[in-house]
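Step one of this worksheet: look at the structure below.
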2 protein chains.
Amino acid sequence: MPRAKGRQPVSSPRIGYHHGDLRRALIEAALSLVAERRGADLSLREVARRAGVSYAAPYHHFADKSALLAAVACEGFQGLVSKLERAAARKESLESELQAMAEAYVAFAMEQPSHYRVMFLPEVKASADSEALHAASERAFGLLLERVVRARPAAAASAHEVVAVTAWAALHGLALLSIDGQLQHMFPKPDKMLLHACRTITGMVKGGEKA
Amino acid sequence: MPRAKGRQPVSSPRIGYHHGDLRRALIEAALSLVAERRGADLSLREVARRAGVSYAAPYHHFADKSALLAAVACEGFQGLVSKLERAAARKESLESELQAMAEAYVAFAMEQPSHYRVMFLPEVKASADSEALHAASERAFGLLLERVVRARPAAAASAHEVVAVTAWAALHGLALLSIDGQLQHMFPKPDKMLLHACRTITGMVKGGEKA
DNA sequence: CTCCTAATCTGAATGATGTCAAGATAGAGG
DNA sequence: CCTCTATCTTGACATCATTCAGATTAGGAG
């Protein structure tokens, strides 16, 4: 189907075309909607409305509602990656790098709960053009895996991936439970608990030397 | 389009009433639909259709679609609890109890992925009559917490809950990532990996003695 | 046994959604 | 200047959640 993007060198600062770059505008609109509504799922029509176009317009830029969400999820993973990199940078020890990354991961999810949830929507991963999504997701996991490998030089190579996945799963679960408020009635002050939990998880990475 | 059912004077000895126990029948219908469809979200109308009543009938037994899902989720937690108890029973060591529970937890999620997801739907937890749901959920967590406490007699009491929550989060994240197939392209044979991951998690419980 | 009340179910209606099929439009290239 | 094509709009369809008024029935009161 239609797939044109860079029409002209997008010289004019204003909208030169029907809309200029609707694809981008739709992603931004969806992003802002996701940021506002906590947990409610956004409708494609509402995204179009916010972008100032009719409800069928998005179908000229995205095959599907899931495709739009996939783009939104992709931006989310990029943001996650940059946050993780920023958190790990300028830490002296490997251990503090891991700890900082774990905290940053959970913090990201807590700061943008809806966005984080979109990033893991099952129908989004099954979307058609989830190529970029996979790449971004792998990149985020790669950051973690890298540190895990360096933190466990004595362990077998295959165990590295298992431990990294387990650590990722732990952070993922912690983020989701926290977002859902599933453990708020147990911990009125969740921040302290989250820090402690992150420490427990990073400790698991070191301690997982296999029995 | 509508769906006439047992119109005439109770043709069969089956249903004696309008339906007998529609509330129960709706839950069963939803359960079977959830079991069939992998990941697709069920519609209230379809549940009613399968139960053989019109689509407005459920509103006399459930305030909301979320209320029905809450009942479904509640059954899920009960099933989880019994599976965890069965797994932990007849294990000699505390360590093998923990290990068996972790494996059973992930196995439950893998066997009934859609049901597991319903159990953690955000709109379900916010449902009106989520009283029983909370109780069932707490009971499941209690099973885990109990073992964690017994496994770490030297640690501070407040740390017990943090470690238990962290372990639960790890299992939860592992289950979700596994359900979503998020790590299938990394591990073509996930079973082995899941076992190893569970061992890593149970190891974390023992090792989390605080720094 | 009859009749009445309240619980239960049906049918239509409302407003919203995702998606598609034709028409309208405006910029690009000849 | 005129056509071509991607882009956008309008209209339409099927589905959904939810509500409401009315029909039906169960089970107790008389």
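Chain naming here is simple, since letters A, B, ... match the order of the sequence lines and numbering starts at 1 in each.
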Minimum heavy-atom distance Ile27(B)-Ala71(B), with the two atoms named: CD1-CB, 3.7 Å
Residues in side-chain contact (heavy atoms from CB on, under 4.5 Å) contact with His134(A), at least two apart in sequence or another chain: Lys125(A), Ser130(A)
Set of residues satisfying side-chain hydrogen bond (donor to acceptor under 3.5 Å, both in side chains) with respect to Glu138(B), sequence neighbours excluded: His185(A)
Pairing residues for Phe77(B) by the ring pair (Phe, Tyr, Trp, His ring centres under 6.0 Å) criterion, not counting sequence neighbours: Phe120(B)
Could you list the donor-acceptor pairs under 3.5 angstrom formed by side chains in residues 172-182 of chain B, with sequence neighbours left out?
residue: His172(B); atom: ND1; partner: Tyr116(B); partner atom: OH; Å: 2.6
residue: Asp180(B); atom: OD1; partner: Arg117(B); partner atom: NH1; Å: 2.7
residue: Asp180(B); atom: OD1; partner: Arg117(B); partner atom: NH2; Å: 3.3

His60(B) vs Ala57(A), nearer the 5' end of DNA chain D by closest nucleotide: Ala57(A)
Protein proximity profile, nucleotides 14-19 of chain D - base contact B, sugar-phosphate-only contact S, no contact -, cut-off 4.0 Å on heavy atoms: --BBBB
Atom pair distance, as rounded to whole Å: CG in Leu22(A) and C1' in dA26(C): 15 Å
Any pair counted as side chain to side chain donor-acceptor pair (under 3.5 Å), so long as it reaches residues 74-84 of chain B, sequence neighbours left out: Arg24(B)-Glu75(B), Ser82(B)-Arg86(B), Lys83(B)-Glu111(B)
Of all pairs that satisfy salt bridge (charged side-chain N to carboxylate O under 4.0 Å, His left out), the ones with a partner from residues 157-172 of chain B, not counting sequence neighbours: none
Please tabulate, one pair per line, all N/O donor-acceptor pairs under 3.5 Å involving side-chain atoms of residues 143-150 of chain B, not counting sequence neighbours.
residue: Arg147(B); atom: NE; partner: Glu97(B); partner atom: OE1; Å: 2.8
residue: Arg147(B); atom: NH1; partner: Leu143(B); partner atom: O; Å: 3.4

Sub-4.0 Å heavy-atom contacts from residues 27-36 of chain A onto DNA chain D, ordered by number: none
Selection residues 61-72 of chain B - residue pairs positive for side chain to side chain donor-acceptor pair (under 3.5 Å), sequence neighbours left out: none
Nearest-angstrom distance from the residue atom CG of Leu26(A) to C1' of dT7(D): 12 Å
Heavy-atom check, side chain of Phe62(A) versus side chain of Leu44(A), under 4.5 Å: no
Between dC20(C) (P) and Phe62(A) (CZ): distance, integer Å: 15 Å
Pairwise salt bridge (charged side-chain N to carboxylate O under 4.0 Å, His left out) hits with a residue in residues 34-44 of chain B, at least two apart: Glu36(B)-Arg50(B), Arg37(B)-Glu46(B)
dC9(C) OP1/OP2 closer than 4.0 Å to side-chain N/O of His61(B): yes
Between the protein and nucleotides 4-6 of chain C, are there any N/O to N/O pairs under 3.5 Å, and if so, what are the atom names and distances?
none

